[in-house]
*Asks:* 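Pasting a structure here, questions to come.
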Amino acid sequence: MSLKDTVKLANGVEMPRLGFGVWQVKDGEEAVNSVKWAIDAGYISIDTAAAYKNEEGVGEAIRESGVNREDLFVTTKLWNADQGYESTLQAFETSLNKLGLDYVDLYLIHWPVEGKFNETWRAFEKLYQDGKVRAIGVCNFHEHHLKTLLETAEVVPMVNQIELHPLLSQKPLRDFCAEQNIVVEAWSPLGSGKILNNPEIKAIAEKYGKSVAQVILRWDLQHGIVTIPKSVHKERIIENADVFDFELTKEDMAAIDALNKDERTGPDPDNFNF
């Protein structure tokens, strides 16, 4: 496996298994530099969102990187206030303009806004059918949200990006997504940094001569979970990609699985007010 390794989405599009996230990365110099460092380090998948307010910096970094657009996989997301049919189509054009791109590879509904996401999905299906996006999906959808969406959807979401890390392994939701051929992608794979001092994972990391972060990302990959760590530090960006030269044993995978406490670092998709 390598940074070029992909998983095939339901429609045949190849999505990189390890990408670079830019949540909480400031627009401008910080966004441009970190994305360029990531691309220089070999990352081909970049994940942003309208809500991150750094789409312009991401687009600038892509242009300055010298890498062909078609060799990259760019994800952005629709913010909650823009949900609804017409407003979704407008918000997508705004994101596209900020990124300075002709299309995005993956467009995601950021949160399951009650009473709106089915209508929003209709607009996503139009964008997909019109060739403006290569794949469409959702974020933060529980099983019951997905079931509600599937009642009216013509296209099944290809990806569900959810908070997922060793303290929140989301096994039942992962199993449901697998049944529906929906690829699961982990946001906050390092638990917003809160599990980097976990003693059990530290002990495993020492055994392999790796960092805790590298072990967690490797755990994701071995479970078939797409993962998008973020960092604004060049050495950390490079370190997070250095996870292809070792393999966790079954015993170590099981030990990390056993750490699950259903413990979130972010909001519960059943209870958010933004």
Side-chain angles (χ1 to χ4, degrees), residues 19-27 31 46-55 58 75-84 87-88 91-92 95 106-121 123-124 136-150 153 157-177 180 182-198 213 216-217 219-220 223 225-232 257 259-274:
F20 181 69
V22 295
W23 179 55
Q24 291 183 325
V25 176
K26 292 188 201 76
D27 203 20
I46 311 294
D47 178 280
T48 184
Y52 303 168
K53 300 196 181 330
N54 56 21
E55 289 171 314
V58 168
T75 300
T76 194
K77 310 178 193 83
L78 174 82
W79 186 236
N80 303 345
D82 294 318
Q83 288 206 30
S87 48
T88 292
F92 174 77
S95 282
L106 178 63
Y107 197 38
L108 302 173
I109 297 180
H110 212 148
W111 289 87
V113 175
E114 209 173 331
K116 282 199 166 176
F117 61 75
N118 287 67
E119 190 67 3
T120 299
W121 190 250
F124 269 57
I136 49 176
V138 296
C139 300
N140 304 303
F141 273 49
H142 285 323
E143 182 175 330
H144 72 89
H145 297 123
L146 288 167
K147 284 178 171 171
T148 300
L149 186 63
L150 292 173
M158 292 148 199
V159 173
N160 186 15
Q161 187 185 112
I162 53 177
E163 182 182 349
L164 197 160
H165 44 75
L167 301 184
L168 181 71
S169 62
Q170 302 254 40
K171 184 72 167 69
L173 180 53
R174 279 158 47 201
D175 289 344
F176 177 77
C177 287
Q180 303 295 328
I182 299 169
V183 167
V184 170
E185 181 177 20
W187 66 257
S188 208
L190 308 176
S192 298
K194 290 177 185 168
I195 44 179
L196 294 179
N197 292 316
N198 182 281
I216 293 169
L217 296 173
W219 174 79
D220 280 334
H223 270 313
I225 297 161
V226 173
T227 187
I228 44 168
K230 63 134 308 210
S231 178
V232 294
D257 289 344
L259 297 173
N260 178 55
K261 296 177 182 172
D262 294 332
E263 194 176 287
R264 294 180 179 277
T265 63
D268 186 329
D270 277 334
N271 184 24
F272 63 95
N273 58 358
F274 43 80

*Asks:* What are the two closest non-hydrogen atoms of V25 and K230, and how far apart are they?
*Replies:*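 Minimum heavy-atom separation between V25 and K230: CG2-CE, 4.1 Å.
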*Asks:* Between T48 and E55, is any side-chain donor less than 3.5 angstrom from a side-chain acceptor?
*Replies:* no
*Asks:* Does the side chain of F124 reach to within under 4.5 Å of the side chain of L78, using non-hydrogen atoms?
*Replies:* yes
*Asks:* Evaluate Y52 against V58 for side-chain contact (heavy atoms from CB on, under 4.5 Å), listing each step before the verdict.
*Replies:* CA-CA 11 Å; Y52 303 168; V58 168; over 6 Å; no
*Asks:* Does some side-chain heavy atom of V159 sit less than 4.5 Å from a side-chain heavy atom of E185?
*Replies:* yes
*Asks:* Work out which heavy atom in G191 is nearest to a heavy atom in T265; give both atom names and the distance.
*Replies:*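 Shortest heavy-atom contact: O-CG2, 3.5 Å.
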*Asks:* Between P157 and L149, is any pair of side-chain heavy atoms under 4.5 Å apart?
*Replies:*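 P157 reaches L149 side chain to side chain.
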*Asks:* Enter the distance from N80:CG to W111:CH2 here, rounded to the nearest 0.5 Å.
*Replies:*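 It comes to 8.0 Å.
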*Asks:* Might you work through the salt bridge (charged side-chain N to carboxylate O under 4.0 Å, His left out) test for D257 and K171, ending with a clear yes or no?
*Replies:* CA-CA 9 Å; D257 289 344; K171 184 72 167 69; over 6 Å; no
*Asks:* Check whether any side-chain heavy atom of Y107 sits under 4.5 Å from a side-chain heavy atom of K77, and report yes or no.
*Replies:* no
*Asks:* How far does CG of L167 sit from CD1 of I195, to the nearest 0.5 angstrom?
*Replies:*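 L167 CG to I195 CD1: 5.0 Å, rounded to 0.5 Å.
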*Asks:* Does P269 reach the side chain of F141, with side-chain heavy atoms less than 4.5 Å apart?
*Replies:* no
*Asks:* D82 side chain to T88 main-chain N or O, any donor-acceptor pair under 3.5 Å?
*Replies:*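 Between the backbone of T88 and the side chain of D82 there is no qualifying donor-acceptor contact (under 3.5 Å).
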*Asks:* For G84 and T120, which heavy atoms make the closest approach, and how far apart are they?
*Replies:* N-OG1, 2.8 Å
*Asks:* If you compare all heavy atoms of V184 against all heavy atoms of L164, which two are closest, and at what distance to 0.1 Å?
*Replies:*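 Minimum heavy-atom separation between V184 and L164: CG1-CD1, 3.7 Å.
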*Asks:* If we only count heavy atoms from C-beta on, is the T76 to F92 side-chain gap below 4.5 Å?
*Replies:*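 No. Closest side-chain heavy atoms not under 4.5 Å.
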*Asks:* Test side-chain contact (heavy atoms from CB on, under 4.5 Å) on Q83 and I109 and set out the steps.
*Replies:* CA-CA 8 Å; Q83 288 206 30; I109 297 180; 3.3 Å; yes
*Asks:* Apply side-chain hydrogen bond (donor to acceptor under 3.5 Å, both in side chains) to the pair W23 and D47, showing each step before the final yes or no.
*Replies:* CA-CA 8 Å; W23 179 55; D47 178 280; over 6 Å; no
*Asks:* Between atom CD of Q170 and atom NE2 of H142, what is the distance when rounded to the nearest 0.5 Å?
*Replies:* 7.0 Å
*Asks:* Between CG of L217 and OG1 of T227, what distance do you get to the nearest 0.5 Å?
*Replies:*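 Rounded to the nearest 0.5 Å, the CG-OG1 separation comes to 5.0 Å.
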*Asks:* Atom NE2 in H110, atom CD in Q161: separation rounded to 0.5 Å?
*Replies:*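 CD of Q161 is found 7.0 Å from NE2 of H110.
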*Asks:* Calculate, to the nearest 0.5 Å, the distance between atoms OG and CD belonging to S192 and E163 respectively.
*Replies:*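 These two atoms lie 6.5 Å from each other.
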*Asks:* Would a 4.5 Å heavy-atom cut-off, applied to side chains only, mark S169 and R174 as touching?
*Replies:*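 S169 reaches R174 side chain to side chain.
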*Asks:* Between W79 and F274, how do the two ring planes meet: parallel, tilted or perpendicular, split at 30° and 60°?
*Replies:*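 Ring orientation, 0 to 90° scale: parallel.
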*Asks:* Begin from the C-alpha positions of I46 and T75 and carry the test side-chain contact (heavy atoms from CB on, under 4.5 Å) through to its verdict.
*Replies:* CA-CA 6 Å; I46 311 294; T75 300; over 6 Å; no
*Asks:* Taking it one step at a time, do H145 and E143 satisfy side-chain hydrogen bond (donor to acceptor under 3.5 Å, both in side chains)?
*Replies:* CA-CA 5 Å; H145 297 123; E143 182 175 330; over 6 Å; no
*Asks:* Please report the C-alpha distance between L173 and N160 in whole Å, then the side-chain angles of each, then the deciding distance to 0.1 Å, and finally whether the side-chain contact (heavy atoms from CB on, under 4.5 Å) criterion is met.
*Replies:* CA-CA 10 Å; L173 180 53; N160 186 15; 4.1 Å; yes
*Asks:* Can you name the nearest heavy-atom pair linking P189 to P166, along with the distance?
*Replies:*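 Scanning both residues, the minimum pair turns out to be O-CD, 4.1 Å.
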*Asks:* Ignoring hydrogens, what is the shortest heavy-atom contact between L196 and L190? Give both atom names and the distance.
*Replies:*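 Result for this residue pair: CD2-CB, 4.3 Å.
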*Asks:* Are D270 and H144 packed together at the side-chain level, in the sense that at least one heavy-atom pair is separated by less than 4.5 angstrom?
*Replies:*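 D270 vs H144: side chains touch.
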